Amino acid sequence: MTINQSGWRPTMGNSGDEVAEVEGATFTGNRALMLEEPLIFERGSVDVTGVDIEDAPKVASRLGGLERNRDIGLPGLSEPETVRHYTRLSRQNYAIDLGLFPLGSCTMKHNPRLNERVARMPGFADVHPLQPVDTVQGAFAVVDELADWLLKLTNMTSIAMSPKAGAHGELCGVLCIKSALEKRGDTERKIVLVPESAHGTNPATAAFAGFKVENIPATPEGRVDLEALKARLGPDVAGVMITNPNTCGLFERDMKAISDAVHDAGGYVYCDGANFNAIVGRVRPGDLGIDAMHINLHKTFSTPHGGGGPGSGPVVLSEALAPFAPLPFVTRQADGSLHLVEEETVGEDHPDSFGRMTAFHGQMGMFTRALTYILSHGADGLRQVAEDSVLNANYILRSLEDVLEAPFGPSGPCMHEAIFSDAGLAEGFSTLDIAKALIDEGFHPMTMYFPLVVHGAMLIEPTETESKGSLDQFIGALRSVAGRAKAGDETLKSAPHFAPRRRLDETQAARKPMLVWKDPVQAEAAE
Ligand SMILES: *Cc1c(COP(=O)(O)O)cnc(C)c1O
C-alpha cells in the first residue's frame, strides 16, 4: 500500500486491488495527468485555516442559548490547496464540452455560448423575483416571447411556464387533468394508461397525483397497440401518458387516432414531450389531439443539464385544460404592459387554477437561454435541428446494425435515437460490459437497460450537434467493443481498465451508500 506525502491513501475502487498490486502502479496513485484526489476532509485539517481573520468582537448573544457550543469541524485548507482540490475534482467529470454524450432520452447537445452570454447580461442575471412588476417588464417580455414560440411550435392554446423540469411538468399536466375531471364531477376515473416502454417518471407522476397506473401493450414494431388501447378505454380511465417520439426511438404514427379514441371515451391525453427534439418544427403536437405536454428546455432547447443542473419544463395545454393551469403566469394587458397573475390578482380571470407549483415564476435563466437558442436558430434552423438529429441517429443505426442487434431496425428509420439489444453478444456478455468498455474508449456510455421492453437495451442519441467525424469515431469505438463482446473477449468483463476507478460494485453502492465521512482515527478509537 502506497501512502503519499500528505498521508492519504489513493483508493482504487472496491475491486480489491490495492495500489501496489495494480500493474504499473505509481507512488502517488496518479496515472499520468489523471490525478487522484481525496475527500476534502482527508486533504484539509480542522486545525488549519487559509485566511487570517481577527476574532469577532464579543457581543451579547441574541440566539437565546441556541449558539453553537462546539467546533464546527470543517476542514481548513490554504487557497492554492482549495483551488487544486476543486479543479482536480472538476477534471474527473465527463462533459458535453469534452466529447460526445450518447445518453438516449437525454438530448445531450452542445450548449451554445451565445445563450450563456445573454443569460449573464446584468438586466437578466440580476433581477430578483420580488422586484416590483413595473421594474421587470423586460424579464416578463422574455417569458412572454418564449411562451409564444413554444405555443406556435406545438400549436397549443395555453402554457404553464413555471414547472422546473420534465417530471415537474408531467405533474403539472396530470394535475390539470385531475382538476378538469373534478370540475365536471367525473371522479370515478382513477386509471391512467401508460405504455410499458414509458420513462419511469410517467407512472411515478400518475401515482403521485393519486391515479392507478395500468400498462398499454406495444406492437412487435415497438409502438402503442391501438386496438388493445381502445379495448381498455372506459368510464374508469382518466387518460393516457404517451411519449412521442417514443422511448424506442419511433414516432407514434397512430397518435391522432389514439387521441380521438381517448377523447371519445371521456379521457385526456398527456404527451411526454422529452423527445420533442426529433420533431420540433416538423410536427405540432396540438395537431395530434394532445391535451398537455411538457417541453424539456434543457433537452430540446439546449439549456445546460447533467449533474442535476437546473431544468425547465414548461407545459403546453389544450383549450380543455387551459383553465386549470397553475399560477403565477404572465399576461399582456390591453395597454401592452405585462402583468403577473398571482393568487391576489386572480379574481374572475382564472378561478379554476389547480394552484401553484413553484415559489416564483420558473427558471428565468433557462428561459433566457432557450429564447436565445430559438431566436438564433429561427424557424428554419429549428426544423433543421429535428432533421439533423434524426439523420445522425439513423447514421448510427445503419452503421452498427451488422454488429449489434437492432430490434426495430428492420421496420424502418428511427427518429433521433437508435436502439440496440444485447441479443447476439457471446454467452455471458452483457450491455454493461459494452458500456464499461466504452469508458476505456473515452466515451460516456449510452443509456442502458432502458426502455425495459428491449432486452439489454442500448439507447443512443447523438443529437444534431455532432459532426460526421465525431460520429465516425464513436461508431468505430462501438464497433470494436461490440466485436470483442461477440468474440467473447474476456478482458471486456473487467473493463474499464484505464479509468481512475475499475468496475464498481453498483449493488453495494446502492444498498450501502457511504454518505457521511468518518474520521478514520476517531472511528478506530470508537471501536
Ligand atoms: C428526461 C425525460 C423525462 C423527465 O424529464 P426531467 O427533466 O429529467 O425531469 C421524462 N420522460 C422522458 C422520456 C425523458 O427523456
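Quantities reported herein were computed from a predicted structural model and do not represent experimental measurements. Whatever order the structure lists them in is the order used to number ligands and atoms, beginning at 1. Note: hydrogens, waters and symmetry copies are ignored here, and every other heavy atom, side chains too, is used.
The two residues Ala147 and Ile159 have their closest heavy-atom pair at CB-CG2, 3.6 Å.
Residue contacts with ligand 1: Thr247 is placed with no nitrogen or oxygen under 3.5 Å of a nitrogen or oxygen of the ligand (distance criterion only). Taking only nitrogen or oxygen atoms, main chain and side chain alike, Thr243 does not reach within less than 3.5 Å of ligand 1. Taking only nitrogen or oxygen atoms, main chain and side chain alike, His168 does not reach within less than 3.5 Å of ligand 1. Taking distance alone, with nitrogen or oxygen atoms compared against 3.5 Å, Asp272 approaches ligand 1 more closely than that limit. The distance criterion of under 3.5 Å between nitrogen or oxygen atoms is not met by Ala165 with respect to ligand 1. At under 3.5 Å, not a single nitrogen or oxygen of Asn202, backbone or side chain, sits near a nitrogen or oxygen of ligand 1.
The nearest heavy-atom contact from the protein to atom 8 (O) of ligand 1 is His298 NE2, 4.4 Å. In this structure, the protein non-hydrogen atom closest to atom 5 (O) of ligand 1 is Asn296 ND2, 3.0 Å. Among protein heavy atoms, atom 1 (C) of ligand 1 sits closest to Lys299 NZ, 1.5 Å.
Salt bridge status for Asp186 with Lys178: absent, with no side-chain N to carboxylate O gap under 4.0 Å. Between Asp148 and Lys152, at least one side-chain N (NZ, or NE/NH1/NH2) sits under 4.0 Å from a carboxylate O, which counts as a salt bridge. Between Glu116 and Arg120 there is a salt bridge, with a side-chain nitrogen of the basic residue lying less than 4.0 Å from a carboxylate oxygen of the acidic one. Lys109 has no carboxylate O lying under 4.0 Å from a charged side-chain N of Glu466, or vice versa, which leaves the two without a salt bridge.
Of all atoms in ligand 1, numbered sequentially from 1 with element shown, those under 4.0 Å from a heavy atom of Gly166 are 5 (O), 6 (P), 7 (O), 9 (O). Close approach of ligand 1 to Ala274 is summarised as follows: ligand atoms under 4.0 Å from at least one heavy atom of the residue are 2 (C), 11 (N), 12 (C), 13 (C), 14 (C), 15 (O). If you number the atoms of ligand 1 from 1 as listed, the ones under 4.0 Å from a heavy atom of Ala167 come out as 4 (C), 5 (O), 6 (P), 9 (O). The contact set between ligand 1 and Ser105, taken as ligand atoms under 4.0 Å from a residue heavy atom, comprises 1 (C), 13 (C), 14 (C), 15 (O). Against a heavy-atom cut-off of under 4.0 Å, Glu170 is close to the following atoms of ligand 1: 10 (C).
Counting non-hydrogen atoms of other residues, nucleotides and ligands closer than 6.0 Å to CZ of Arg511 gives a total of 12 or fewer.
Under the side-chain contact (heavy atoms from CB on, under 4.5 Å) rule, Ile460 has a single partner from Pro102, Pro445, Cys414, which is Pro102.
Every salt bridge (charged side-chain N to carboxylate O under 4.0 Å, His left out) that Arg479 has, sequence neighbours left out, goes to Asp402.
Distances shorter than 4.0 angstrom do not occur between any heavy atom of His305 and any atom of ligand 1.
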side-chain hydrogen bond (donor to acceptor under 3.5 Å, both in side chains) between Asn392 and His416, worked out: CA-CA 7 Å; Asn392 279 0; His416 68 323; over 6 Å; no
Assess the residue pair Thr205 and Glu170 against the criterion (side-chain hydrogen bond (donor to acceptor under 3.5 Å, both in side chains)); give the C-alpha distance rounded to whole Å, side-chain angles, the decisive distance to 0.1 Å, and a yes or no. CA-CA 6 Å; Thr205 297; Glu170 289 173 35; 2.8 Å; yes
